[in-house]
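Structure first, commentary second.
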There are 2 protein chains.
Amino acid sequence: MPPTARERVRAELTAEITAAARRQLAEVGAAALSLRAVARELGMASSALYRYFPSRDDLLTRLIIDGYDALGAAAEAADDPTAAPRERWVAVCRAVRGWARAHPHEYALLYGSPVPGYAAPRDTVPAAARVGVVLGRVLGDAARSGALPAVTGVPRDRSLISDETAAVLGGGHPALDDAVRLRALLAWSSLYGTISFELFGHLVGSVEDADRYFDAAMAELAGLVGL
Amino acid sequence: MPPTARERVRAELTAEITAAARRQLAEVGAAALSLRAVARELGMASSALYRYFPSRDDLLTRLIIDGYDALGAAAEAADDPTAAPRERWVAVCRAVRGWARAHPHEYALLYGSPVPGYAAPRDTVPAAARVGVVLGRVLGDAARSGALPAVTGVPRDRSLISDETAAVLGGGHPALDDAVRLRALLAWSSLYGTISFELFGHLVGSVEDADRYFDAAMAELAGLVGL
DNA sequence: CCGGACCGAGAGCGCCGCTCTCGCCCAGGA
DNA sequence: TCCTGGGCGAGAGCGGCGCTCTCGGTCCGG
């Protein structure tokens, strides 16, 4: 059956709340995000918000999922499947960094310290995987076109990377070399480390030109994974 | 002149406060660290704490500096200058990860999202650099012994890495190749990214054996910098 | 010995997350 | 048509937070 009028207005108000919360998040950061302030901005009593989100953590979870989705969308939009693998790789990395710089507090919410007593629900996993999927597709396409170094053919006794992650990182390619999987996951961690270092201020005074440093670093990582 | 009795007892109480705060930090994390709870643990009025720390952020700053120092000490202790460069590199990385796993909340305070309105004072810089110094010394020693790839000798028009950081990363070696400097900084970012991913739960389900994955990843990074 | 610096305690302010209760309003069944 | 029940917003309130101010007490140096 179609949504009733009640359900529609409820969904609208829920969207308004998340929108206001996202504004707050962008302004003051996750730690200072206050349910009461969101309610004030919306002109309603703070207690009324609890009809829509059982707790502040649930509101944050909503923002986390939306953030992963927005980041994933940015990465997907930046990938041009017709370009050369190495350029695709760097372009996606640039897009991730660009999104992070445009939304620093959201990025910090996604990849910074987890909030105090908060354990990421499983809902966030598929959204969080989107960037990995894009990176994996670049790798998989490169492997299919033979641009990746040859498979050694000597599998280790036990793989370091789980099968699901290997599938994502392989981008549909059936059997990426275990070393490539490892390097792909390492590169993804390194992308995250590089962006976080820059955003969280650990690079101030160390890097002269952040843009050029990032491009050079991503080129190194592309070389590491074999692109 | 020697410290007066007043100064001594003041220093002692300050130490007790930071110790209690460090316990709180280890238990509940930085975001939930409460000045009032520290005061309760010490059996004093919360207002009395402000005689010793002007604000919660100042107490946090103290903990941050101590954390950097402890981490730096762990890294220094793990470095055996008589070992082979590659083993030294991996050993230091292992030590950093070990400290991070033993003190997850402190690590998150150091390298996670910066706290809301908090801007890291300059006091934290020297303490924060200690790990970099250790890593740089490994690199510099390797370069001096000729274990690092030959310098290309073609400097870029402008260095990406600042002179001070290049000096630290060079570990006293006069002229490390610019590419090596870049890779060293990238490797340091990657070490941080790898540990953070593991600690913040972004690797759950992706990595089968965290210990083996970390060792393999650090070996890759060692190869990247030329060790 | 005395004045002033230092100190701890208490009360209080404005926030916060969260709960409970109370009236309202509107939709759907009798 | 009326009535009733469920969703809803508002208000009051609880305990906890960071932080400030004021007030006595203590102790040290001149």
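Here is how names work: the chains are called A, B, and so on, in the same order as the sequence lines, proteins then strands, and each is numbered from 1.
In this structure, the CD atom of B/E16 is 11 Å from the P atom of C/dG8, given to the nearest Å. If you measure from atom CD of A/E7 to atom P of C/dC26, you get 18 Å, rounded to the nearest angstrom. Going from atom CZ of A/R8 over to atom C1' of C/dC26 covers 15 Å, rounded to whole Å. A/R56 has its CZ atom 13 Å from the C1' atom of D/dC17, to the nearest Å. Atom CG in B/L59 sits about 15 Å away from atom C1' in D/dC17, given to the nearest Å.
Partners of B/W99 according to the ring pair (Phe, Tyr, Trp, His ring centres under 6.0 Å) rule, which considers only residues two or more places apart in sequence or in another chain, are B/H103. Contacts of B/R101 classified as salt bridge (charged side-chain N to carboxylate O under 4.0 Å, His left out), with partners at least two apart in sequence or in another chain: B/E198. By the side chain to side chain contact (heavy atoms under 4.5 Å, CB included) test, B/A39 pairs with B/M44, B/S46, B/L49, sequence neighbours left out. For the salt bridge (charged side-chain N to carboxylate O under 4.0 Å, His left out) test, no residue two or more places apart in sequence or in another chain qualifies with B/R36. Every side chain to side chain contact (heavy atoms under 4.5 Å, CB included) that A/E164 has, sequence neighbours left out, goes to A/S162.
Sequence neighbours left out, the pairs with a member in residues 130-140 of chain B that pass salt bridge (charged side-chain N to carboxylate O under 4.0 Å, His left out) are B/D69-B/R130, B/E76-B/R130, B/D79-B/R137. The ring-ring contact (aromatic ring centres under 6.0 Å, His included) contacts involving residues 183-203 of chain B comprise A/Y111-B/H202, A/W188-B/F197, A/Y192-B/F197, A/F197-B/W188, A/F197-B/Y192, B/Y111-B/Y192, B/F197-B/H202, where partners must be two or more places apart or lie in separate chains. Under the ring-ring contact (aromatic ring centres under 6.0 Å, His included) criterion, no residue pair touches residues 17-51 of chain A, with sequence neighbours excluded.
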Without placing hydrogens or testing angles, list every side-chain donor-acceptor pair under 3.5 Å for residues 15-30 of chain B, not counting sequence neighbours.
from  : atom 1 : to    : atom 2 : distance (Å)
B/T18 : OG1    : B/T14 : O      : 3.4
B/T18 : OG1    : B/A15 : O      : 2.8
B/R22 : NH1    : B/D66 : OD2    : 3.0
B/R23 : NE     : B/E41 : OE2    : 2.7
B/R23 : NH2    : B/E41 : OE2    : 2.7

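A/Y52 comes within 4.0 angstrom of sugar-phosphate atoms only, judged by non-hydrogen atoms across all strands, and of no base.
We find that B/D211 and B/R97 are joined by a salt bridge, their nearest charged nitrogen and carboxylate oxygen being less than 4.0 Å apart.
Side chains of B/Y107 and A/S113: no donor on one and acceptor on the other come within 3.5 Å.
Remark: A/R36, A/M44, A/A45, A/S47, A/A48 in residues 33-50 of chain A come within less than 4.0 Å of DNA chain D through at least one heavy atom.
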Polar-atom pairs under 3.5 Å, protein N or O versus N or O of nucleotides 4-7 of chain D: list them with distances, or write none.
none

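Taking the C1' atoms of five terminal pairs at each end of the helix from C/dC1-D/dG30 to C/dA30-D/dT1, the two resulting helix axes are inclined by 10°, rounded to 10°.
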